Amino acid sequence: MQTSLRFLLYFAAAVAGSFLITSAFAPDYTARLIDDYQMRLAETGGRIASGVVGVVLVMVPVLILLRWYASRRYAREISYTTEQGRVAVSLIAIEEALTRAIEQEEVVRKVQVRVFEDRVRKMVVIEAALTLWDDGDISGVNRRCQQLMRVRFAELMPEQT
(Lines give C-alpha, C1' and ligand atoms only; values in the text may rest on other atoms or scores of the structure.)
Protein backbone atom coordinates (compact mmCIF):
# COMPACT_ATOMS: atom_id res chain seq x y z
CA MET A 1 0.00 0.00 0.00
CA GLN A 2 2.71 2.41 0.99
CA THR A 3 4.74 1.60 -2.12
CA SER A 4 1.79 2.23 -4.43
CA LEU A 5 1.01 5.56 -2.74
CA ARG A 6 4.64 6.57 -3.05
CA PHE A 7 4.56 5.63 -6.75
CA LEU A 8 1.41 7.72 -7.28
CA LEU A 9 3.06 10.68 -5.54
CA TYR A 10 6.15 10.42 -7.77
CA PHE A 11 3.99 10.07 -10.87
CA ALA A 12 1.90 13.11 -9.91
CA ALA A 13 5.06 15.13 -9.26
CA ALA A 14 6.46 14.15 -12.65
CA VAL A 15 3.20 15.06 -14.44
CA ALA A 16 2.90 18.39 -12.60
CA GLY A 17 6.55 19.17 -13.27
CA SER A 18 6.19 18.36 -16.95
CA PHE A 19 3.13 20.60 -17.18
CA LEU A 20 4.94 23.49 -15.48
CA ILE A 21 7.97 23.13 -17.73
CA THR A 22 5.71 23.07 -20.77
CA SER A 23 3.85 26.15 -19.59
CA ALA A 24 7.12 28.00 -19.01
CA PHE A 25 8.80 27.23 -22.34
CA ALA A 26 5.85 26.59 -24.68
CA PRO A 27 2.95 28.66 -23.42
CA ASP A 28 0.95 28.13 -26.64
CA TYR A 29 0.36 24.46 -25.82
CA THR A 30 -0.98 25.10 -22.36
CA ALA A 31 -2.80 28.34 -23.19
CA ARG A 32 -5.71 26.43 -24.67
CA LEU A 33 -6.03 24.28 -21.57
CA ILE A 34 -5.82 26.93 -18.90
CA ASP A 35 -6.27 30.44 -20.32
CA ASP A 36 -6.75 32.23 -17.04
CA TYR A 37 -3.73 30.65 -15.34
CA GLN A 38 -1.55 31.35 -18.35
CA MET A 39 -2.62 35.02 -18.47
CA ARG A 40 -1.73 35.46 -14.82
CA LEU A 41 1.66 33.89 -15.44
CA ALA A 42 2.31 36.23 -18.35
CA GLU A 43 1.17 39.28 -16.38
CA THR A 44 3.17 38.57 -13.23
CA GLY A 45 6.29 37.22 -14.89
CA GLY A 46 5.84 33.91 -13.14
CA ARG A 47 7.04 31.88 -16.09
CA ILE A 48 10.52 31.58 -14.65
CA ALA A 49 9.19 30.47 -11.28
CA SER A 50 6.89 28.02 -13.02
CA GLY A 51 9.83 26.58 -14.95
CA VAL A 52 11.99 26.24 -11.84
CA VAL A 53 9.24 24.50 -9.87
CA GLY A 54 8.60 22.24 -12.85
CA VAL A 55 12.27 21.26 -13.11
CA VAL A 56 12.37 20.46 -9.41
CA LEU A 57 9.19 18.38 -9.61
CA VAL A 58 10.57 16.42 -12.57
CA MET A 59 14.07 15.96 -11.15
CA VAL A 60 13.00 14.53 -7.78
CA PRO A 61 11.39 11.38 -9.22
CA VAL A 62 14.24 11.03 -11.74
CA LEU A 63 16.86 11.21 -8.98
CA ILE A 64 14.93 8.71 -6.87
CA LEU A 65 14.74 6.38 -9.87
CA LEU A 66 18.48 6.70 -10.50
CA ARG A 67 19.26 5.99 -6.84
CA TRP A 68 17.01 2.91 -6.93
CA TYR A 69 18.76 1.71 -10.11
CA ALA A 70 22.20 2.21 -8.56
CA SER A 71 21.23 0.24 -5.45
CA ARG A 72 19.79 -2.61 -7.55
CA ARG A 73 23.07 -2.94 -9.46
CA TYR A 74 24.60 -4.87 -6.60
CA ALA A 75 22.69 -7.85 -5.30
CA ARG A 76 21.88 -8.06 -1.59
CA GLU A 77 21.70 -11.84 -1.79
CA ILE A 78 24.03 -14.50 -3.09
CA SER A 79 22.52 -17.69 -4.40
CA TYR A 80 24.13 -20.84 -5.72
CA THR A 81 23.11 -24.43 -6.34
CA THR A 82 24.52 -27.45 -4.53
CA GLU A 83 23.65 -31.12 -4.76
CA GLN A 84 21.09 -30.60 -1.95
CA GLY A 85 19.38 -27.74 -3.80
CA ARG A 86 19.51 -23.98 -4.14
CA VAL A 87 21.15 -21.95 -1.35
CA ALA A 88 20.48 -18.23 -0.89
CA VAL A 89 22.49 -16.20 1.62
CA SER A 90 21.60 -12.67 2.63
CA LEU A 91 24.55 -10.28 2.49
CA ILE A 92 23.03 -8.24 5.30
CA ALA A 93 23.28 -11.28 7.58
CA ILE A 94 26.92 -11.72 6.60
CA GLU A 95 27.58 -8.03 7.32
CA GLU A 96 26.06 -8.37 10.80
CA ALA A 97 28.02 -11.54 11.57
CA LEU A 98 31.32 -9.95 10.48
CA THR A 99 30.52 -6.82 12.49
CA ARG A 100 29.85 -8.84 15.64
CA ALA A 101 33.05 -10.84 15.14
CA ILE A 102 35.24 -7.75 14.77
CA GLU A 103 33.58 -5.91 17.67
CA GLN A 104 34.91 -8.65 19.98
CA GLU A 105 38.41 -7.21 19.64
CA GLU A 106 39.20 -5.09 22.69
CA VAL A 107 40.75 -2.16 20.77
CA VAL A 108 37.93 -1.82 18.22
CA ARG A 109 35.45 0.89 19.10
CA LYS A 110 33.18 0.99 16.05
CA VAL A 111 32.86 -1.14 12.91
CA GLN A 112 31.08 -0.57 9.63
CA VAL A 113 31.12 -3.55 7.28
CA ARG A 114 29.70 -3.47 3.76
CA VAL A 115 29.47 -6.69 1.74
CA PHE A 116 28.34 -6.76 -1.87
CA GLU A 117 28.58 -9.02 -4.87
CA ASP A 118 30.38 -7.68 -7.91
CA ARG A 119 28.55 -9.40 -10.75
CA VAL A 120 31.03 -8.27 -13.39
CA ARG A 121 34.08 -9.86 -11.75
CA LYS A 122 31.94 -12.56 -10.10
CA MET A 123 33.31 -12.04 -6.62
CA VAL A 124 32.25 -10.84 -3.19
CA VAL A 125 33.73 -7.55 -2.00
CA ILE A 126 34.02 -6.76 1.70
CA GLU A 127 34.65 -3.18 2.79
CA ALA A 128 35.27 -2.47 6.45
CA ALA A 129 35.82 0.80 8.29
CA LEU A 130 37.17 0.51 11.83
CA THR A 131 37.39 3.09 14.58
CA LEU A 132 40.03 2.04 17.10
CA TRP A 133 40.80 3.06 20.62
CA ASP A 134 44.21 4.66 21.03
CA ASP A 135 46.61 1.82 20.34
CA GLY A 136 50.24 1.91 19.29
CA ASP A 137 50.08 -1.10 16.98
CA ILE A 138 47.47 -0.07 14.43
CA SER A 139 48.84 -2.25 11.62
CA GLY A 140 48.89 -5.28 13.93
CA VAL A 141 45.25 -4.69 14.89
CA ASN A 142 44.40 -4.21 11.22
CA ARG A 143 46.03 -7.55 10.30
CA ARG A 144 44.22 -9.34 13.15
CA CYS A 145 40.86 -7.91 12.05
CA GLN A 146 41.53 -8.87 8.41
CA GLN A 147 42.40 -12.42 9.42
CA LEU A 148 39.33 -12.59 11.68
CA MET A 149 37.11 -11.43 8.81
CA ARG A 150 38.60 -13.98 6.43
CA VAL A 151 38.10 -16.84 8.88
CA ARG A 152 34.56 -15.81 9.79
CA PHE A 153 33.56 -15.28 6.16
CA ALA A 154 34.99 -18.70 5.23
CA GLU A 155 32.84 -20.23 7.99
CA LEU A 156 29.71 -18.47 6.73
CA MET A 157 30.23 -18.90 2.98
CA PRO A 158 32.13 -21.92 1.71
CA GLU A 159 34.08 -21.09 -1.42
CA GLN A 160 32.13 -21.66 -4.62
CA THR A 161 33.35 -21.76 -8.18
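A quick note: this is a predicted structure, and the numbers were derived from the prediction, not measured.
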Can you name the salt bridge (charged side-chain N to carboxylate O under 4.0 Å, His left out) partners of Arg152, sequence neighbours left out?
Glu155
Heavy atoms of Pro61 and Ala14 approach each other most closely as CG-N, 4.2 Å
Min side-chain heavy-atom separation Ile102-Leu130 under 4.5 Å
yes
With hydrophobic residues grouped by side-chain heavy-atom distances under 4.5 Å, do Ile21 and Met59 end up in a single group?
yes
Any side-chain heavy atom of Val111 sitting closer than 4.5 Å to one from Val113?
yes
With a 4.5 Å cut-off on side-chain heavy-atom distances among I, L, V, M, F, W and Y, is there a chain of contacts connecting Val115 to Val151?
no
If you define the side chain from C-beta out and look only at heavy atoms, does anything of Phe153 sit under 4.5 Å from Val124?
yes
Check the hydrophobic clustering (I, L, V, M, F, W, Y; side-chain heavy atoms under 4.5 Å; chains of links allowed) and say if Ile138 and Met149 are grouped together.
yes
From CZ (Arg150) to SG (Cys145), nearest 0.5 Å
11.5 Å
Heavy-atom check, side chain of Ile94 versus side chain of Val89, under 4.5 Å
yes
Any salt bridge (charged side-chain N to carboxylate O under 4.0 Å, His left out) pairs touching residues 102-111, not counting sequence neighbours?
Glu105-Arg144
Same apolar cluster (I L V M F W Y, side chains within < 4.5 Å links), Leu156/Leu91
yes
Hey, mind stepping through Val141 and Leu132 against side-chain contact (heavy atoms from CB on, under 4.5 Å) and telling me if it holds?
CA-CA 9 Å; Val141 170; Leu132 305 174; 3.8 Å; yes
Residue pairs passing the salt bridge (charged side-chain N to carboxylate O under 4.0 Å, His left out) test where at least one lies in residues 86-95, sequence neighbours excluded:
Arg76-Glu95, Glu95-Arg114
